[in-house]
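Only one structure is covered here, and it is reproduced in the block below.
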There are 2 protein chains.
Amino acid sequence: MRLSTKGRYAVMAMADLATHEAGSRPVSLADIAERQEISLSYLEQLFAKLRRNGLVSSVRGPGGGYRLSRPSEEVRVADIIMAVDEPITATRCKPGSAKGCATQGARCITHDLWEELGRQIHVFLSSVSLADVVEKRVLGRAQLDLQSSEVPAQDGDSRAAA
Amino acid sequence: MRLSTKGRYAVMAMADLATHEAGSRPVSLADIAERQEISLSYLEQLFAKLRRNGLVSSVRGPGGGYRLSRPSEEVRVADIIMAVDEPITATRCKPGSAKGCATQGARCITHDLWEELGRQIHVFLSSVSLADVVEKRVLGRAQLDLQSSEVPAQDGDSRAAA
DNA sequence: AGATTTCCCGACTACTTCAGTCAAGAATTC
DNA sequence: GAATTCTTGACTGAAGTAGTCGGGAAATCT
């Protein structure tokens with residue numbers, strides 16, 4: 001799961017689409033571009049990918065635009081991000097790669113860590129639907145349950161987090 | 001919290017340091033560079049930042065090298081990544097920024113989502129200590145507790161995750 | 001003292017990716 | 001057929017990544 005502004009733009013656009021999808025009229029990219037302040041040409045790229053991945057369907061001609069293929073409750077944020085972001089080079093841990101991971105044939109020391117982090121991110125973003133985003137319900141669905149955090153609170157915690 | 005290969009290299013190097021920190025001898029960057037297949041000059045950059053953030057201490061001269069400032073149980077992975085990665089522009093959601101977020105003065109639709117994701121990542125990486133990484137104990141410390149995942153399993157799940 | 005080993009620091013650079021532009025074309029409606 | 005809207009591909013400027021290079025400074029050893 002790759003996290004870039006491209007994915008964020010896509011989620012913003014999809015949320016806008018879900019919000020303004022009233023009645024039967026599709027939503028034009030021009031409208032989304034104006035409301036979300038994203039360039040039209042860039043949106044076109046994003047929606048081309050979203051369409052190929054079956055998340056939206058298009059209607060051409062005047063009055064045309066895009067529509068969600070499924071109700072917003074059934075669209076996961078993870079789906080959107082995976083649709084627009086390239087498959088990613090998987091923490092550069094491919095068996096063939098010379099550097100980074102796969103040192104001496106074995107997986108590198110930190111391999112498990114990044115794999116687990118990727119899984120955590122994926123689980124979280126899969127637990128949030130587009131409807132959740134629109135209705136500002138991003139908490140509560142998935143919650144990290146820290147058991148026995150033995151790591152003491154450190155002094156240097158004034159650094160910018162998140 | 002920014003996630004880049006730079007941060008990954010830093011964690012790899014710190015894990016290597018924690019592993020080979022036997023007795024009282026510091027570990028030289030040349031050794032780490034060879035074992036982890038990271039260029040020496042690049043390691044020097046990373047360790048300069050790690051040192052400024054108080055994660056390691058240095059010993060000069062022959063037989064010199066680096067040492068962990070604290071025991072590996074007390075070093076959180078999040079600390080390492082924050083030390084080497086720049087403070088980051090916080091999901092481009094600054095009040096002053098013209099684009100992206102802060103549309104019409106209000107926070108953008110997806111603001112809460114990314115903020116929460118950032119928090120989840122930070123919590124996870126704070127829950128894992130360097131000792132956990134070295135001893136391959138990255139699971140079980142923090143575990144996502146999904147309550148009532150109503151999102152149905154979708155067809156297209158063969159896509160590369162993580 | 002002098003040589004060697006190691007950390008220390010700044011400048012420079014090839015490369016890739018990101019974010020976005022530009023231009024042309026095809027389908028649909030009026 | 002003219003306007004609208006999606007569709008596609010090529011192109012580009014800026015930024016960040018992953019380094020390299022070169023010269024130092026402190027500590028140790030002979």
- request: Measure the spacing between CZ of A:R52 and CZ of A:F47 and express it to the nearest 0.5 Å.
  value: 13.5 Å
field: Under 4.0 angstrom between A:S4 side-chain N/O and C:dT17 OP1 or OP2
entry: no
- prompt: Looking for any heavy atom pair under 4.0 Å, which part of the strands does B:Y66 touch: base, sugar-phosphate only, or nothing?
  reply: sugar-phosphate
task: Could you tell me the separation between the CG atom of A:L50 and the P atom of D:dT8, rounded to a whole number of Å?
output: 13 Å
task: Would you confirm whether A:H122, through its side chain, and A:G118, through its main-chain N or O, come within 3.5 Å as a donor-acceptor pair?
output: no
task: Starting at atom CD1 of B:I38, determine the distance to atom P of D:dT20, rounded to an integer number of angstrom.
output: 12 Å
field: Separation of D:dT17 P from B:L46 CG (nearest whole Å)
entry: 12 Å
- prompt: Which of these nucleotides, D:dG19, D:dC6, C:dG20, is closest to any side-chain atom of A:L29?
  reply: D:dC6
task: Using whole Å, report how far CZ of B:R67 lies from P of D:dA27.
output: 14 Å
- request: Would you kindly compare A:R52 and A:G63 by the position of their nearest DNA chain D nucleotide and give the one closer to the 5′ end?
  value: A:G63
message: Rounded to whole Å, how long is the line connecting atom CZ of B:F47 with atom C1' of C:dC9?
response: 16 Å
task: Whole angstrom is fine here: how far is it from CG in A:D31 over to C1' in D:dT5?
output: 11 Å
query: If only atom types and distance count, is the side chain of A:S129 paired as donor or acceptor with the main-chain N or O of A:D132 below 3.5 Å?
result: yes
- request: Kindly compute the distance separating CD (A:Q120) from CD1 (B:I121), expressed to the nearest 0.5 Å.
  value: 10.0 Å
- request: Quickly work out the A:K49 NZ to D:dT8 P distance and round it to whole Å.
  value: 13 Å
Return the polar atom pairs (N/O with N/O) between nucleotides 24-26 of chain C and the protein under 3.5 Å, or none.
from, atom 1, to, atom 2, distance (Å)
C:dA26, N3, A:R60, NH1, 3.3

query: Between A:R51 and D:dT5, does any side-chain N or O lie under 4.0 Å from OP1 or OP2?
result: no
message: Output the rounded distance in Å from NZ (A:K6) to C1' (C:dT17).
response: 9 Å
- prompt: Phosphate oxygens OP1/OP2 of C:dC7: is one of them under 4.0 Å from a side-chain N or O of B:S28?
  reply: no
task: Report the residue (A:P62 or A:Q45) whose heavy-atom-nearest nucleotide on DNA chain C is the more 5′ of the two.
output: A:Q45
message: Just to be sure I understand the rule, does A:S41 reach a base, reach only the sugar-phosphate, or reach nothing, if contact means heavy atoms closer than 4.0 Å?
response: base
- prompt: Which nucleotide in the set D:dG19, D:dT7, C:dT21 lies at the smallest distance from any side-chain heavy atom of B:Y9?
  reply: D:dG19
- line: Interatomic distance, CG@B:L46 vs CG@B:L55, rounded to 0.5 Å, equals 12.0 Å
- prompt: Short question: side chain of B:N53, backbone of B:L50 - any donor-acceptor pair under 3.5 Å?
  reply: no
query: Sequence neighbours excluded, which residues qualify as side chain to side chain contact (heavy atoms under 4.5 Å, CB included) partners of A:A15?
result: A:L130, A:V133, A:V134, B:I109
